[in-house]
Amino acid sequence: MMKQELTVKSLDGPVHPDWCPGCGDFGVLKSLKEALVQLEIRSHEVMIVSGIGCSSNLPGFIRTYGVHSLHGRSLPVATGIALANHALHVIAVGGDGDGFGIGSGHFLHTMRRNLNLTYIVMDNEIYGLTTGQASPTSQEGHKTKSTPRGNVEKPLQPLALALTMGATYVARGFSAEPKDLTKLIADAIAHRGFSLIDVFSPCVTFNKLNTYAWFKERVYKLEEEGHDTGDMDAALQKSFEFGDKIPIGLLYREERPIYDDSEPILQQGPLVDQPLGIDKETFDAILAETM
Amino acid sequence: MMKQELTVKSLDGPVHPDWCPGCGDFGVLKSLKEALVQLEIRSHEVMIVSGIGCSSNLPGFIRTYGVHSLHGRSLPVATGIALANHALHVIAVGGDGDGFGIGSGHFLHTMRRNLNLTYIVMDNEIYGLTTGQASPTSQEGHKTKSTPRGNVEKPLQPLALALTMGATYVARGFSAEPKDLTKLIADAIAHRGFSLIDVFSPCVTFNKLNTYAWFKERVYKLEEEGHDTGDMDAALQKSFEFGDKIPIGLLYREERPIYDDSEPILQQGPLVDQPLGIDKETFDAILAETM
Amino acid sequence: MARTAGRLGLHVFTYNSYQSLIRGGHTWLKLRISEDKVDNHGDRLNVLIALNQDSIERHAPEVEPGGSIIFNSAKLSCDSSLVREGVTLLPLPIPELTKDMGRLLPVMQNTVTLGALLHLIGFDVEITKALLSDTFRHKGPQIIEQNTNVLGAGHEYAAGQAQPLKGLDWNFTHKRRPLVNGNQMIALGAVAAGCKLFSAYPMSPATSILHWLAAHSEKVGMLVKQAEDELAVVNIAIGAGHAGVRAMCATSGGGFALMTEAIGMAAMLETPVVIVNVMRGGPSTGLPTKTEQGDLNQAFGASQGDYPRMIVAPQNALDCYNTTVEAFNIAEKYQLPVIVLSDLLLAEHRSTIDPEAISADVPIDRGEWATELTPQNSQQGRFRRYALTDSGVSPRARPGAPGLMHVSGTDDHDETGVLISDEHTNTAIRRKMHEKRMKKMDAVLRDLPAPELEGPADAEVTLVGWGSTWSVLQEAAAKLTADGLKTNQLQFKYLYPFHTKEAQQILGACKRAIVVENNYTGQFERHLRAESGVTIADHIRRYDGEPIEPTWLVERVRAVVAGEPEDLQVTEAEAREMGYHYVRLYQKDKTRPGKVERLEGGEWGEPVWNVEIIGRAELEPQGNLVIGRDTGSILAWQPREAGIEAAQ
Amino acid sequence: MARTAGRLGLHVFTYNSYQSLIRGGHTWLKLRISEDKVDNHGDRLNVLIALNQDSIERHAPEVEPGGSIIFNSAKLSCDSSLVREGVTLLPLPIPELTKDMGRLLPVMQNTVTLGALLHLIGFDVEITKALLSDTFRHKGPQIIEQNTNVLGAGHEYAAGQAQPLKGLDWNFTHKRRPLVNGNQMIALGAVAAGCKLFSAYPMSPATSILHWLAAHSEKVGMLVKQAEDELAVVNIAIGAGHAGVRAMCATSGGGFALMTEAIGMAAMLETPVVIVNVMRGGPSTGLPTKTEQGDLNQAFGASQGDYPRMIVAPQNALDCYNTTVEAFNIAEKYQLPVIVLSDLLLAEHRSTIDPEAISADVPIDRGEWATELTPQNSQQGRFRRYALTDSGVSPRARPGAPGLMHVSGTDDHDETGVLISDEHTNTAIRRKMHEKRMKKMDAVLRDLPAPELEGPADAEVTLVGWGSTWSVLQEAAAKLTADGLKTNQLQFKYLYPFHTKEAQQILGACKRAIVVENNYTGQFERHLRAESGVTIADHIRRYDGEPIEPTWLVERVRAVVAGEPEDLQVTEAEAREMGYHYVRLYQKDKTRPGKVERLEGGEWGEPVWNVEIIGRAELEPQGNLVIGRDTGSILAWQPREAGIEAAQ
Ligand SMILES: Cc1ncc(C[n+]2csc(CCOP(=O)(O)OP(=O)(O)O)c2C)c(N)n1
Ligand SMILES: Cc1ncc(C[n+]2csc(CCOP(=O)(O)OP(=O)(O)O)c2C)c(N)n1
Ligand code: SF4
Ligand code: SF4
Ligand SMILES: [Mg+2]
Ligand SMILES: [Mg+2]
């Protein structure tokens, strides 16, 4: 039982995903499993944390540790877990509403921290689970149940935001490009620091605008354009490209000290392995401070 | 009583500000009053909304309408007021912790909306009212009560964030440059759309790092450098400058339709002036939909 | 179907069971039709329309003698062992019936069965045809024709195969009645009350208020704003309320939790706002598509400190309309937040209402306003926004009004709004200002009608409920009374402030009261005790996600009256349900529970159910599932042969 | 001073009144010294050290006969009309006394007065000198010398001018005792309990826990993380708890409101977490620097639905230590959130504790854990993280442990964690899983000691309190008993789960109970009724931001016992307070309240106080302020001459 075969099948969760047939999230799940197999990470060393949404159901469909938390709170929960046990590979997953709407504050500040976390957003430009309202990445003019006359808010650009806030690995995937996506995820997990992969993952049921066809017409691969992933300015420029041409692939990568490096407590190994309590000497010294 | 003299004095609040002598916020208050006088706005047409913090005490020190709301919530409260009565000049004010920490999610999304709001942040790179903890704009290495070994998180760049999120007027002021600040505020209020002014407003009591002297050594005026306020790329570049040289002045300005323009309901005048209820015909038609 | 009945002048109630996922799961719809007003879906089944095998297996046994089961015989079968005596089967060979009608969409299966149903219950098929024509008008005559043909085919076939059900003798008044759910009524109530701004973040089961208002926004002149989260939502509504418009927001429990801090703010700013919490199964994300009355504790405990507010729970769809109107009036008259506690049962289940009972012309009371500065309403030239008055209400000023400038703050403050925590905390002003705010609670209470007993005054049993369960309790009480146990009902709508004296009086005079509610801990029972000191010993609670149903309730009441202790053991039906869950997980859909046996189960440490698992096709035994009767735990899977997946 | 007394072996309690602003305002510190343990600041004044004119005016009348008032005669004066008979004045000519000691910092004024105080109360000035040396060691010998000289000067001068107070006959044991506040004790308790992660967002009065732990982080091996808001804070703590470390967070009411959704999550995930809410005056931002016991409703009503949790309110600084340790043990043993309700009174006010009473060696119970997959703890090869057990507790697995992979979700789920709301909502599994979670409440209750009567068993009066008021009630009860009214006390620490039976028994046997609490609506009184059905007719409540004080309480108890109705009218002292506020706002500091007269005030619609306002310098009358005795409203300002600002 302890011995684990590293196959995609061995990572199957207890239930078959209940996503609509054709949902982009299937591709993300598959690529994630393949990335874990490629990296030869044992499934018990992985913790996947999600919020609430169709995409956030993912942890139930993969055999690792998982927390299916609250809408918008995957990153702080993941932060707590990563701080408590930095020996785990902590991966946060969720939707565009979850991460860029209700969770947007955490998104910003988690990036400032450069914790060793991987964050995969299944970005379908819509609220799927609640049956189709505008999300922060919905395009201007998009008619949804909450914006019947068309969305009037400027869509949020997650990659630009990530670059602005100091994320050290910033990429965009497309669930219809599984090979590239697998590589992006594998590299992100291997990356030391905070990595964001914003994945176009079409909602076939409620987003009739940003369909597979719509994306296929527009996406192009940064790799093939000789994009320099160490050039912040170039990355910033690319991060705003969202029209007839939309880049996918790795935009930017940088090595920076991670949070753990500057936290002396974490130099002594995972918090979860450290002894509990306080010795008498230190205790008495502390009390003496007050006398 | 109805006749209003437009003087700075006539805008005095009931109490003298209880800020520490020398606090940067005095300068912001003064410039704000002067901007209102310059613009000849009558004080009853102004609504100033704040969160909680030293800086957020400002509405109590000026004779206009004001709401001193909750920590982090000035922007949504201001949004509600602006939607309800777009004839008012709605100005949100507060601190860096209030706006960029606990309120950061609202900050992002309010900018996407391009409502006709002015947002003045008294940015002292510290939590003042709670006696000196790291704020989102605290610099790396800054030793505060909550970061006794030095802050390890990358500081948030408010101007970069604002540009990324579609703010249409993005500026930085310094409370020790009152004339420039007054002009920035006056222009921001006159601007049609969302305007952000991030103001360096030193906390003389708890921030011993980012002092007046520290800023004076570093700030330079964009105006004097021939900066093109219509050039987004240039603005973005400037927005990240935060070291030996720090730009102040207007970074970027753009005319874009504001939220009201796309909301048919608001074409009929302020919501607060519109009739209540529903006529029988429409009512019956709606009921008929369900039969 | 529901609308057909509506057009025939009958009353209808529908109950829709679905899951928190977009596709699949076990979903069903119950429809109840009656000549009298019905406000719940009942719990007896006369006709079952099964769209998949699962539905047959699960619901066939529920059909009452004299009833019928309709299904597509091309895909499904119904084992006669599943049905009770006197139930007729009506298998429809759907592909055959419709083979000449072109390529059908899968949903048209339903239209065929609907045709058959119309025959069984003796409805006029032409009315439904007209309805289909209305519905598909925008799709063109071809689609209309196809639909009506398909409907006709089902109707005709059924007419050839089966008799209409006995005992159904409709009196068709042909009076048209709106068929609405509680969410629509809250939305429409807000429109009528003059709400001009609605803010929301989607959350089941409140979302349809957003959808409905967004769709009607222009027509009714209401600005509808989806925001980034519930924190923004409630603060936007409060901002708008502060600026002088009527504003509302709606959410469910989790979103409400995020709103609590701002609710306290509204009370402190003395700003009106209406907050709708459409409750669903908790705790936490819980059961997103199931019903519960589980947020009373949360509504009452929202935000820190003591502050004035009203909490009200509407009782049926129509009451949702009136309650919403009243909520706005109380909110503005007393300048405080009003929390409307609806639930999924009300929100999503449609019923007919009498058009006379609902009117666009509703009372609107906007409370006290100052329009200019006077010596009386000012101090040293400054508006006394928070004047310490006898009633606790201080006239508001609309921001923008000349001369009345003031600051409203969440720190405690003096009459003009100057913070008393800032300059020099002033305990004297604090005390009087706090008392002033709280005084409003007495005034609000005086505005609210007290609860009243419904049913026979000399009843043996009084059913005590709150909010959405009103009609279920009413029906149960009527049944019990008809069966010889005189039962009446006391339903609470106004939860805070609370009619303490009336509750004490009425309940003090009752012979035997039983509190009935849709949650585990008895939140209302506790609330009642807290507010009135009245302790009611008996209760009936349901907390499995399903609403309380009249027949179920009648049985429970009888058990309580008979002094039978509550039995929390897993029932046979529940063991079967657990079996379904297990085989679905581990044996896909190849098997299903068969015989269920009760064993003493000494070796398991508790009595157990032994659930036989049989093949779906051949009905051959595959193994046994051992389920603890006390704990509900799956204690073991004992495969008949090693074939089916290994033991735990 | 407090530390001097501590080093002399005396017990000390300090109470610090300050405002929610950084500078200025009316701030004062009360210090109480005794040979016996003191846990509250009392409310009698023996010595007043006034640092400004305001303090003299406000507090001079409070000094008891036999006491003394110390002030800087170079800047302040004390009108003899302000003091009671038998009180001596000790004016210190500070500039003169210190003129040879170099340039003094303004705070050194205090050191002079401290020297004088030491003489008055008969303390050894050398001990304080040693303390000053310790304190200023890092500033160098010059500063030390300056300080000790200044202290000496005050001491000497006083010795020449006044006798030490009578009746003070200290027994100096010279036993050193830690002088601590509740926040430090919560922090230290967390350290001892093995908390490894503390997350926080600053909020008064909880902030000092963050400061203390941040400063001690490395020394005690705890990771301390300030996050972007309270939503992040609580979710970080829960994440850490889920990963297997003990984690805590701390906040006050407003921040707690933002945490509520996640508290329900912790219960659903069955993840331990300790959440400290240090209460302050509400509602909303309220009185940020004043005390209140106002968040019991909020703590109880946190989050939607029913879920298991514990709520506990520590009773003094030492109890903060033990309570925190216990909170971690309950949280882990039962896998649920524990809410610790402390308050500003406990949090910020320092008292001496006996060093023997506190030990680093505390019990640690980490609950049940699975370490490997077994047939018993698994189902089809999957860990049954949420096994339906008799006790309600299911063994946890530490993420990272081989073989025990599972998903913890906030949707309701089966034993292995599979969502039952997702695949097919399963009412049977839901019911048993919900019951399993809630079962833990009974088990927690069994672990907690029941409340016990303290004081004479045959008392006429029982004071009922909760949390931080313990010692105040105790002292009041002792005083009342000593004065002939036998009084005992029942203090509740464990609020949920609740000792219903014990409360019924004890209170049922009491002759006359009075609930005493620091809030407006009587949140505990209501909670007690809700949980136990016990209604207590009498109560004493304070809600002006100040803590309940023993003498104040004694008087109130006497009034209650005498059947005097509660009088909510503005008192004379309060009218004066209001006057101070008014003149500060509109007449800067040039005037102050003088004579206060009670008028029937027919023309005002209510009886009024007529507060004469006089010049601060010449004491000449400037006008009258009319204050409603019922409402507390400033009804009019009647200037003596048109000079001082115009009427309202
Ligand atoms: C606090 C809270 N608010 C609202 C919801 C309702 N809700 C569930 S999922 C969801 C949005 C889903 O959108 P997204 O995150 O983009 O995920 P998707 O379904 O598109 O994958 C919402 C609003 C909730 N569960 N909790
Ligand atoms: C929900 C909530 N959390 C925390 C606080 C406590 N608090 C008040 S002001 C403040 C931060 C102040 O910093 P900033 O916004 O930068 O304003 P400044 O005082 O520096 O002007 C905090 C944390 C609060 N009032 N409400
Ligand atoms: S609704 Fe959209 S996002 Fe959700 S499962 Fe279906 S296709 Fe995927
Ligand atoms: S603490 Fe700092 S920010 Fe606050 S008033 Fe003083 S100087 Fe200004
Ligand atoms: Mg989405
Ligand atoms: Mg600040």
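Residue numbers start from 1 in every chain, and the chains themselves are labelled A, B, ... in the order their sequence lines are given, proteins ahead of strands.
- Residue B/Leu271 touches chain C through both its backbone and its side chain, counting heavy-atom pairs closer than 4.5 Å.
- Taking CG from C/Leu419 and NE2 from B/His68, the interatomic distance works out to 6.0 Å, rounded to the nearest 0.5 Å.
- For a residue to count as touching a neighbouring chain, one of its non-hydrogen atoms must lie under 4.5 Å from one of that chain's; by this rule B/Pro264 touches chain C with the side chain only.
- To the nearest 0.5 angstrom, B/Thr290 atom OG1 is 8.5 Å from C/Arg350 atom CZ.
- Annotation: maximal heavy-atom pairing with chain C below 4.5 Å, among B/Thr79, B/Val67, B/Asp279, occurs at B/Val67.
- Rounded to the nearest 0.5 Å, atoms CD (C/Glu218) and CD (B/Gln267) are 10.0 Å apart.
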Next on the checklist: Would B/Ile286 and C/Trp212 count as a side-chain contact (heavy atoms from CB on, under 4.5 Å) here? Give the steps.
Outcome noted: CA-CA 11 Å; B/Ile286 285 174; C/Trp212 195 94; 3.4 Å; yes
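- Once rounded to the nearest 0.5 Å, the distance linking NE2 of B/His44 with CE of C/Met405 reads 8.0 Å.
- Closest approach of C/Gly239 and B/Ile81 over heavy atoms only: O-CG1, 3.1 Å.
- When the candidates C/Glu261, C/Arg398, C/Arg366 are compared by the number of heavy-atom contacts under 4.5 Å with chain B, C/Arg398 comes out ahead.
- Each of B/Thr64, B/Val46, B/Val49 has some count of heavy-atom pairs under 4.5 Å with chain C, and the biggest count is that of B/Thr64.
- The two residues B/Val272 and C/Val245 come nearest to each other via the heavy atoms CA-CG1, 3.4 Å.
- Among C/Lys219, C/Met268, C/His216, the residue making the largest number of heavy-atom pairs under 4.5 Å with chain B is C/His216.
- For the pair B/Phe283 and C/Ile358, the minimum side-chain heavy-atom distance is below 4.5 Å.
- With chain C as partner, the option from B/Leu70, B/Leu88, B/Leu108 having the largest number of non-hydrogen pairs under 4.5 angstrom is B/Leu70.
- Heavy-atom distances place no part of B/Leu75 under 4.5 Å from chain C, backbone and side chain included.
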Next on the checklist: Checking C/Leu223 against B/Leu266 for the side-chain contact (heavy atoms from CB on, under 4.5 Å) test, could you report, in this order, the C-alpha distance in whole Å, the side-chain angles of both residues, the deciding distance, and whether it holds?
Outcome noted: CA-CA 8 Å; C/Leu223 198 152; B/Leu266 296 181; 3.6 Å; yes
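- Of the possible polar contacts, one joining the B/Tyr65 side chain to the C/Ala401 backbone as a donor-acceptor pair under 3.5 Å is found.
- Here the CG atom belonging to B/Leu83 is positioned 6.5 Å from the CD1 atom belonging to C/Ile236, to the nearest 0.5 angstrom.
- In this structure, B/Ser69 and C/Met265 approach most closely via the heavy-atom pair CB-SD, 3.6 Å.
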Checklist entry - What do the steps show when you test B/Leu276 against C/Arg246 for side-chain contact (heavy atoms from CB on, under 4.5 Å), and what is the final call? => result CA-CA 9 Å; B/Leu276 267 56; C/Arg246 293 192 151 193; 4.2 Å; yes
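- When all heavy atoms of B/Asp12 and C/Arg382 are compared, the pair lying nearest together is O-NH2, 3.5 Å.
- Taking NE2 from B/His106 and CG from C/Leu231, the interatomic distance works out to 5.0 Å, rounded to the nearest 0.5 Å.
- Of the residues considered (C/His413, C/Gln184, C/Arg385, C/Met222), C/Met222 shows the highest number of contacts with chain B, using heavy-atom pairs under 4.5 Å.
- Closest non-hydrogen pair, C/Ala243 versus B/Ala84, comes out as CB-CB, 3.6 Å.
- Here B/Asp273 does not pair with C/Lys196 in a salt bridge; the nearest charged N to carboxylate O distance is not below 4.0 Å.
- Looking at every heavy atom in both residues, B/Gly105 comes nearest to C/Glu228 through O-OE2, 4.2 Å.
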